[in-house]
Novice: 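The structure follows.
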Amino acid sequence: MACVSPNESTTTPREQIPGVPNYGWRVKLSYECDVKCGPLIKPRLHQIPQYIGLGVRYLRFWLGKKRQGRLPFIDHINQASHKPIYGCPIGGIGCGTIGRGYRGEFCRFQISPGIYHYKEVEADQFILTLRRDGQTVYQKVLSSNKKKGKALKAWDWGFPGAKATYHALYPRAWTVYNIEEPNVTVICRQISPIFPHDYRETSLPTAVFVWEIINHGKEEIEACITFTFKNGQGVKADRAGGCYAEPFRCENKGAMGVGDAGSEGVTAYGVSIHQTISRVPCSYNIAAAEKNGVTVSHHTAFDPSGTGHNVWNNLYNNGCLGSSTAEETPKTAKGQEIASAVCASTKVPAGSRGQLDFCLAWDMPVVQFKAAENKYTRRYARWFGKAGDAGPRLCAHALAHYPVWEQKIEEWQNPILENKQLPAWYKSALFNELYFVSDGGTLWLDPMEDCTPTSAHALVQEYGKFAYLEGHEYRMYNTYDVHHYASFAFIMLWPKLQLSLQYDFADTVLHEDSRRTKYLMSGEVGVRKAEHTVPHDIGDPEDEPWKRVNAYIIHPTYDWKDLNLKFVLQTYRDYSASKDHQYLEVLYPCCKAVVEKAISWDTNGDGLIENSGFADQTFDAWVMSGSSAYCAGMWLAALRMQIEMAEVLGLMEDKDRYSEILERGRKSFGKKLWNGRYYDFDTSTSNHHDSIMADQLAGHWFLKASELEDDTVFPPDLVQAALKTIYENNVLKYGNGNMGAINGTKPNGSKDLSSPQSEEFWTGVTYALAANMIQMGMVEEGFQTAWGAYHVCWEWLGLQFQTPEAYTTDHSYRSLGYMRPLAIWAMQWALHKFQPHLLRDETSSAGGEPAP
């Protein structure tokens, strides 16, 4: 097992590249991940018997979904393939995203809400043409991928990957091409409109590609960049027919209330490709900025399955495209596809540089889920309309406003990047893990539009309804037990989205969905959602989210012990951050309802809730029985917060009632679970009751993060001792301390093999544990713990921009592209709240010197 320390790097040695940050994920285009890894296929032999019934029932469920033409919420039979190719995805929040590989390919399309297509679309490319004295001296597709198949064989593929460097620091990425023959350097800067506390620009379905051409030679050169793009997502449906393309010119004049604060005089010149995706209209729009010194031409339509010689030869012979069609093309027949091209060119004097700006925008303002019961309007349509004709205006807006986006991105990121006390890997992880905010199947709806259900809450009306998937493979929106960890990213960066999500869950708490559901693990039949409980998730995009919650039906979640508690914890944490008294008033009755429900789980009157001995919390394969450190600890934290909320609202009777229960529970917790070194896993007689659980202090973590630590609930000396024990056993004994925190170990530090999950490393739990360590002053230990998760996923196993829920010591992973790793922002929260001196640029280093 090849693991390295935080002061080393397995990727390309860091070099100073002018105009490119010195922090982020960086590789040569020739980089190949040489470690083979794959999905976790099966449990250990002794674990198999408990899953036989589940396997049979799941197969029946899977076949039933197939007959309906739908996908199961988790498809264990057709798992997504691991591809160590990904780079920084493009697009705003909740409008669909398109992935990009570090070698330059467009891939992993998520245009319809929550539905992914993992295709590399060969026709989606950038081509560089360099000319001197009217003659082409260089022409190449700017991707290091080799040619596959017969399509576009006239193009010159396979840029030498060793001569180009890719650098990702979400939401931007840079690719630097060193072209020796004409002595030119070309830098592509990819920009998506993602920055904190913005609820307009961040919703836009677009990205900008700024190409800088640096002429090191002694003669003037004409540089031409051509952007090609085809319809669809690289799937069979692309050939359904009915697509057409039309050219456009659109000047930036503001759009539907969007101010014209960007660059003046920018005109987007490009082509729109119109089509239907998932039964609703969609258009792809590619454009270049037409401005002084830049000439733009286009080719409205070519066959992406053909040789591509028309486009290639025009560029080679003329340095431009033929502007072949002035009007829209006929619609394609069944079996046909369509692609378009836009070329921009500029003259670059010797020893000088030029710039060419391109944009890609996709316009699908109205969406439907698979159930097709309702249509919904995406957030950005508030300013750009829902007619499906906004593509040109989106391009013009993006090309005019991207300098403002970059200014805001840099104002946000630079204080962290320039801080010499923070480790280099952390700076990369903090921002790059944030990719999931947009690329997590995210959907952002506008209740102000008449085709989206309205909300009784003014905040939701203003800021919209927000949902994102548990994972690319775990297709459930706003999975609450997991969002609990990820929620720090939202309350810090887009707090209105966090509050909106909480309002949506509050609307479900008091109600029951009595429809009968068969649960796959046990085969029992029960209600879909019980009253006075928090749902597991808000629904499946293959069904009808918000309308039918709890897509997860492996276990009945109305008896899950952590969901109700996490609602209380998030409510108070959010109030502590926002000081929104109205929010607290509205949500308090729901908090009280779920706390009263939870009191019924205290079966022996000791003030602690008990787990059932079946799956009833987020570790759904690692069962707890009796009182557990994980759930009982969160129960105590929830009680302490409920007491505080009652006092804020002047509800003294509630305060007294919950104070009495907390006092009993506090005494029981220490007596029953503390063993002198750490808190036992649970109070059962199982062979893993005394396991060292990495997440045993989850309640304390949230309580202290909310600045409501109570030394009588979690005595600091006990917390410190438990964290030290976890660090010594769950962290340092695996991969020389460079793998993160394994979920469970036996008292001697060996793996807890009682369940598949106990021997997994959960990326988000590792980050949350690190945050708790930082809160408690264990800064070096916290950074070392978190480093392991980043190293394994981003530098070892090739899982960048698809960070999984879990990985193991044998190169296995589970659930690619997952929500919980956003918990790294809990570390930043902890630094702000408890180690502010480390966010000031001083001479000492936190967690080691910056990595090279």
Side-chain angles (χ1 to χ4, degrees), residues 73 113-114 369 371 373-374 376 443-445 447 452-461 463-470 475-484 486-487 490 496-517 519 526-574 582-598 600-601 616-618 638 642 819:
F73 63 94
F369 299 116
E373 296 177 10
N374 298 291
Y376 302 88
L443 183 61
W444 193 356
L445 302 178
T452 298
T454 59
S455 171
H457 308 295
L459 182 141
V460 180
Q461 285 290 98
Y463 293 100
K465 296 171 78 71
F466 177 80
Y468 68 134
L469 294 180
E470 180 177 336
R475 207 184 52 258
M476 295 157 280
Y477 272 134
N478 293 352
T479 299
Y480 199 75
D481 55 306
V482 183
H483 168 74
H484 183 72
S487 63
F490 292 97
K496 303 300 184 184
L497 294 184
Q498 168 64 13
L499 300 187
S500 174
L501 186 151
Q502 284 285 96
Y503 277 123
D504 276 343
F505 272 92
D507 287 343
T508 72
V509 165
L510 303 180
H511 305 292
E512 177 173 303
D513 183 344
S514 59
R515 285 172 292 182
R516 310 299 285 175
T517 298
Y519 294 99
V527 298
R528 181 141 182 154
K529 193 267 176 192
E531 66 175 350
H532 295 173
T533 63
V534 174
H536 171 273
D537 58 80
I538 214 73
D540 179 354
E542 283 274 307
D543 190 11
E544 196 73 22
W546 287 286
K547 187 175 181 181
R548 284 188 287 278
V549 302
N550 281 342
Y552 176 90
I553 57 168
I554 294 178
H555 304 283
T557 58
Y558 48 75
D559 200 35
W560 274 28
K561 304 305 183 291
D562 59 340
L563 290 169
N564 280 10
L565 309 180
K566 287 174 175 176
F567 183 79
V568 178
L569 298 182
Q570 286 187 56
T571 297
Y572 184 79
R573 189 275 317 273
D574 296 346
Q582 182 181 13
Y583 168 77
L584 190 63
E585 288 181 333
V586 172
L587 265 63
Y588 181 84
C590 298
C591 291
K592 182 175 180 179
V594 299
V595 166
E596 292 294 329
K597 173 69 175 179
S600 68
W601 299 329
D616 64 357
Q617 35 72 38
T618 196
Q642 191 73 5
M819 176 192 289

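Atom set for the values below is all heavy atoms of this structure, side chains included, hydrogens, waters and symmetry mates excluded.
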Novice: How close do Leu469 and Gly114 get, heavy atom to heavy atom, and via which atoms?
Specialist: CD1-O, 3.6 Å
Novice: Would you confirm whether the ring centroid of Trp560 sits within less than 6.0 angstrom of the ring centroid of Tyr480?
Specialist: no
Novice: Just wondering, do Val534 and Val509 contact through their side chains at under 4.5 Å, heavy atoms?
Specialist: yes
Novice: Apply side chain to side chain contact (heavy atoms under 4.5 Å, CB included) to the pair Lys465 and Val460, showing each step before the final yes or no.
Specialist: CA-CA 6 Å; Lys465 296 171 78 71; Val460 180; 3.6 Å; yes
Novice: Any sub-3.5 Å donor-acceptor pair from Lys561's side-chain atoms to Ala598's backbone N or O?
Specialist: no
Novice: Which heavy atom of Asp543 sits nearest a heavy atom of Ala371, and at what distance?
Specialist: O-CB, 3.2 Å
Novice: Give a yes or no answer on whether the side chain of Asn550 reaches the backbone of His536 with a donor-acceptor pair at less than 3.5 Å.
Specialist: yes
Novice: When you measure from the side chain of Arg528 to the backbone of Val549, do you find a donor-acceptor pair of N or O atoms at a distance under 3.5 Å?
Specialist: yes
Novice: Between Tyr477 and Pro113, is there a side-chain heavy-atom distance shorter than 4.5 Å?
Specialist: yes
Novice: How long is the straight-line distance from CH2 of Trp444 back to CG of Leu497, given to the nearest 0.5 Å?
Specialist: 5.0 Å
Novice: Quick one: closest heavy-atom pair of Ser500 and Gly464, and the distance?
Specialist: OG-O, 2.6 Å
Novice: If only side-chain N and O atoms count, and only distance matters, is there a donor-acceptor pair under 3.5 Å linking Gln498 with His483?
Specialist: yes
Novice: Show your working on side chain to side chain contact (heavy atoms under 4.5 Å, CB included) between His532 and Leu510 and close with a plain yes or no.
Specialist: CA-CA 5 Å; His532 295 173; Leu510 303 180; 3.8 Å; yes
Novice: Given 3.5 Å as the limit, does a donor-acceptor pair link the side chain of Asn564 with the main chain of Thr533, or not?
Specialist: no
Novice: Could you measure the distance from the CD atom of Gln582 to the CG atom of Leu459? Nearest 0.5 Å is fine.
Specialist: 8.5 Å
Novice: Between Arg548 and Asp513, does at least one N-O distance fall below 4.0 Å, as a salt bridge requires?
Specialist: no
Novice: Check the pair Val527 / Arg515 against side chain to side chain contact (heavy atoms under 4.5 Å, CB included), numbers first and verdict last.
Specialist: CA-CA 6 Å; Val527 298; Arg515 285 172 292 182; over 6 Å; no
Novice: Look at the side chain of Thr571 and the backbone N and O of Phe567, then say whether any donor-acceptor pair between them is shorter than 3.5 Å.
Specialist: yes
Novice: Are the side chain of Asp574 and the backbone of Leu499 linked by a donor-acceptor contact shorter than 3.5 Å?
Specialist: no
Novice: Hey, is the main chain of Asn374 close enough, under 3.5 Å, to the side chain of Lys547 for a donor-acceptor pair?
Specialist: no
Novice: Closest heavy-atom contact between Asp562 and Thr618?
Specialist: OD2-N, 3.0 Å
Novice: Would you call the rings of Tyr519 and Tyr558 parallel, tilted or perpendicular, where under 30° means parallel and over 60° means perpendicular?
Specialist: perpendicular
Novice: Pick one: which of Phe490, Phe505, Trp546 meets ring-ring contact (aromatic ring centres under 6.0 Å, His included) with Phe466?
Specialist: Phe490
Novice: About how many Å separate NE2 of His484 and CZ of Arg573, when rounded to the nearest 0.5 Å?
Specialist: 7.5 Å
Novice: With side chain to side chain contact (heavy atoms under 4.5 Å, CB included) as the criterion, how do Asp504 and Asn478 come out once you've worked through the C-alpha distance, each side chain's angles and the decisive distance to 0.1 Å?
Specialist: CA-CA 10 Å; Asp504 276 343; Asn478 293 352; 5.5 Å; no
Novice: Nearest 0.5 Å please: distance from the NZ atom of Lys566 over to the OG atom of Ser487.
Specialist: 10.0 Å
Novice: How long is the straight-line distance from OH of Tyr463 back to OH of Tyr503, given to the nearest 0.5 Å?
Specialist: 11.5 Å
Novice: To the nearest 0.5 angstrom, please state how far the NZ atom of Lys597 sits from the CG atom of Leu565.
Specialist: 12.5 Å
Novice: With the side chain counted from C-beta on, respond yes when Tyr468 and Leu443 share a heavy-atom pair under 4.5 Å apart, and no when they do not.
Specialist: no
